[in-house]
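Notes for the one structure printed next.
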Amino acid sequence: MSIVAIVPALESNKYSSDGDLAPWGDSNLLEWKISQLKSVSRVDRIIVSTDSDKIIEIANQNGVEFLKRNSKLSLKESLLSVCSNLELDDDILWANPTSPFVGGSIFKSIINEYFLSDIPVDGVVASRVQYEFLYKESGPLNFDGSSIISRDNLNAVYLITNGAYFSRCKNVIKKEKMFGDRPVFFEVPWLASLEIREKEQMSLFSSLIHKYFQEEL
């Protein structure tokens, strides 16, 4: 049984023509994420999953493993392909480069929470608890709309941040997704909940690097 960190990486995506190789500090998003994972002593292996030869070269330069995936695979197919290369009792830490403020201290805490929770079959997910008035087309989602209430009385909802997922390989294969319907919600600070989704966010988020180091220390 090993703890295996998987870093999905693209050479180009919607937020940047450079994809996960977009500049970040003195490096790029991919190498930044690799360095964060290298600081976690309990991680036994780091594997970059990609369809890019350029990214594979960078994985080699950084001394981590890689899995070459077919670019035509769906997200589910890519996930199951990764699991097929691991042992059933391996634990997968899925770490996205687009969440640059999820660092070593948070990864360590998520791993600890996972084992303290007795290896939950639905996994552990990085999240933010929200007390907001949420609606869907048919009406209120997390409150009774028949009366006025305070936010303090709202039902909590959880925002999955996409920064980190942790689950056992055999459970991922069984559910065909990274986490189940009732995962353990590991709450992360506001900064760690930020995910780069648009090109304009790159420069905005990079200005917060100094705050990241303050929190990481």
Side-chain angles (χ1 to χ4, degrees), residues 2-40 43-86 90 92-104 106-107 110 125-126 160-167 169 172-173 176-179 188 191-209 212-213 216:
S2 300
I3 294 178
V4 184
I6 303 296
V7 184
L10 295 172
E11 193 173 328
S12 177
N13 54 30
K14 63 182 180 181
Y15 67 81
S16 173
S17 57
D18 294 321
D20 295 314
L21 301 182
W24 185 260
D26 296 329
S27 182
N28 58 58
L29 287 172
L30 173 60
E31 291 183 305
W32 174 270
K33 185 56 60 180
I34 290 172
S35 69
Q36 290 172 319
L37 290 165
K38 282 184 174 181
S39 72
V40 185
V43 170
D44 300 297
R45 301 168 63 189
I46 300 173
I47 302 176
V48 175
S49 174
T50 185
D51 60 356
S52 163
D53 290 333
K54 184 176 181 180
I55 288 178
I56 287 174
E57 182 179 349
I58 291 174
N60 285 326
Q61 291 171 354
N62 282 270
V64 299
E65 302 174 56
F66 68 86
L67 283 173
K68 182 72 177 290
R69 68 170 184 251
N70 189 323
S71 60
K72 296 181 180 180
L73 293 181
S74 66
L75 181 61
K76 182 178 80 172
E77 290 170 336
S78 296
L79 178 60
L80 295 178
S81 175
V82 166
C83 287
S84 70
N85 287 275
L86 302 176
D90 283 344
I92 302 174
L93 176 60
W94 195 269
N96 287 297
T98 50
S99 295
F101 300 119
V102 177
I106 290 178
F107 287 133
I110 287 175
V125 297
I160 305 302
T161 70
N162 205 33
Y165 309 106
F166 197 42
S167 193
C169 192
V172 173
I173 292 173
E176 296 188 336
K177 53 186 179 181
M178 194 60 218
F179 58 92
V188 298
L191 186 65
S193 71
L194 300 180
E195 180 187 5
I196 298 171
R197 296 181 180 179
E198 300 174 2
K199 183 178 180 180
E200 292 74 19
Q201 292 175 321
M202 287 291 297
S203 59
L204 175 62
F205 286 5
S206 63
S207 67
L208 297 171
I209 290 178
Y212 163 80
F213 282 115
E216 190 71 5

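All values below come from the heavy atoms of this structure, side chains included, with hydrogens, waters and symmetry mates left out.
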To the closest 0.5 Å, what do you measure between [atom1] ([X]) and [atom2] ([Y])?
X: Cys169; Y: Asp90; atom1: SG; atom2: CG; answer: 6.5 Å
X: Cys83; Y: Ile92; atom1: SG; atom2: CD1; answer: 3.5 Å
X: Leu37; Y: Arg45; atom1: CG; atom2: CZ; answer: 14.0 Å
X: Lys76; Y: Ser81; atom1: NZ; atom2: OG; answer: 13.5 Å
X: Ile46; Y: Asn62; atom1: CD1; atom2: CG; answer: 9.0 Å
X: Ile3; Y: Phe107; atom1: CD1; atom2: CZ; answer: 12.5 Å

Side chains of [X] and [Y], heavy atoms from C-beta outward: is any pair under 4.5 Å?
X: Pro100; Y: Ile196; value: yes
X: Thr161; Y: Ser193; value: yes
X: Met178; Y: Val172; value: yes
X: Leu79; Y: Glu176; value: no
X: Arg197; Y: Thr98; value: no
X: Ser52; Y: Leu10; value: no
X: Pro8; Y: Thr50; value: no

Report task. State which residue, out of Phe166, Tyr165, Trp94, fulfils the ring-ring contact (aromatic ring centres under 6.0 Å, His included) condition with Phe179. Result ->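 Testing each of Phe166, Tyr165, Trp94 against Phe179, the sole residue satisfying ring-ring contact (aromatic ring centres under 6.0 Å, His included) is Tyr165.
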
Requested in this report: Verify the ring-centre separation between Tyr212 and Trp32: is it less than 6.0 angstrom?
Outcome: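 Yes, they do, as the ring centres are separated by less than 6.0 Å.
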
Report task. Please check if the side chain of Arg69 supplies one atom and the backbone of Ser78 the other of a donor-acceptor pair under 3.5 Å. Result ->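 No.
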
Query raised in the report: Has the side chain of Asn96 got a donor or acceptor atom that lies under 3.5 Å from a matching backbone atom of Asn162?
Result: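 Yes; at least one donor-acceptor contact below 3.5 Å.
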
Query raised in the report: With Asp51, which residues qualify under side chain to side chain donor-acceptor pair (under 3.5 Å), at least two apart?
Result: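 Asp51 satisfies side chain to side chain donor-acceptor pair (under 3.5 Å) with no other residue.
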
Taking all heavy atoms of [X] and all of [Y], pick out the closest pair and write down the distance.
X: Ala126; Y: Val188; result: CB-CG1, 3.9 Å
X: Glu11; Y: Ile55; result: N-CD1, 3.6 Å
X: Leu29; Y: Gly19; result: CD1-O, 4.3 Å
X: Lys72; Y: Glu77; result: O-OE1, 4.3 Å
X: Val102; Y: Gly163; result: CG2-CA, 4.0 Å
X: Ser49; Y: Ile6; result: CB-CG2, 4.3 Å

Query - Under-4.0 Å salt bridge between Lys33 and Asp20 - result: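 Between Asp20 and Lys33 there is no salt bridge, as every charged N stays at least 4.0 Å from the carboxylate O atoms.
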
Query raised in the report: Is it the case that more than 12 heavy atoms not belonging to Lys68 sit under 6.0 Å from its NZ atom?
Result: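 Yes - once you tally the heavy atoms of other residues, nucleotides and ligands closer than 6.0 Å, there are more than 12.
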
Requested in this report: Check each of Ile34, Leu67, Asn60, Ile58 against Val48 using the side chain to side chain contact (heavy atoms under 4.5 Å, CB included) test, and report the only one that passes.
Outcome: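 Single side chain to side chain contact (heavy atoms under 4.5 Å, CB included) partner of Val48 among Ile34, Leu67, Asn60, Ile58: Ile34.
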
Query raised in the report: Of Val43, Val7, Val4, Val40, which is the lone residue that meets side chain to side chain contact (heavy atoms under 4.5 Å, CB included) with Leu93?
Result: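 Only one of Val43, Val7, Val4, Val40 forms a side chain to side chain contact (heavy atoms under 4.5 Å, CB included) with Leu93, namely Val43.
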
Let me have the donor-acceptor pairs involving side chains of residues 21-28, under 3.5 Å, with sequence neighbours excluded, atom names and distances please.
{"from": "Ser27", "atom 1": "OG", "to": "Glu31", "atom 2": "OE1", "distance (Å)": "3.1"}
{"from": "Asn28", "atom 1": "OD1", "to": "Leu30", "atom 2": "N", "distance (Å)": "3.1"}
{"from": "Asn28", "atom 1": "OD1", "to": "Glu31", "atom 2": "N", "distance (Å)": "2.8"}
{"from": "Asn28", "atom 1": "ND2", "to": "Glu31", "atom 2": "OE1", "distance (Å)": "2.9"}

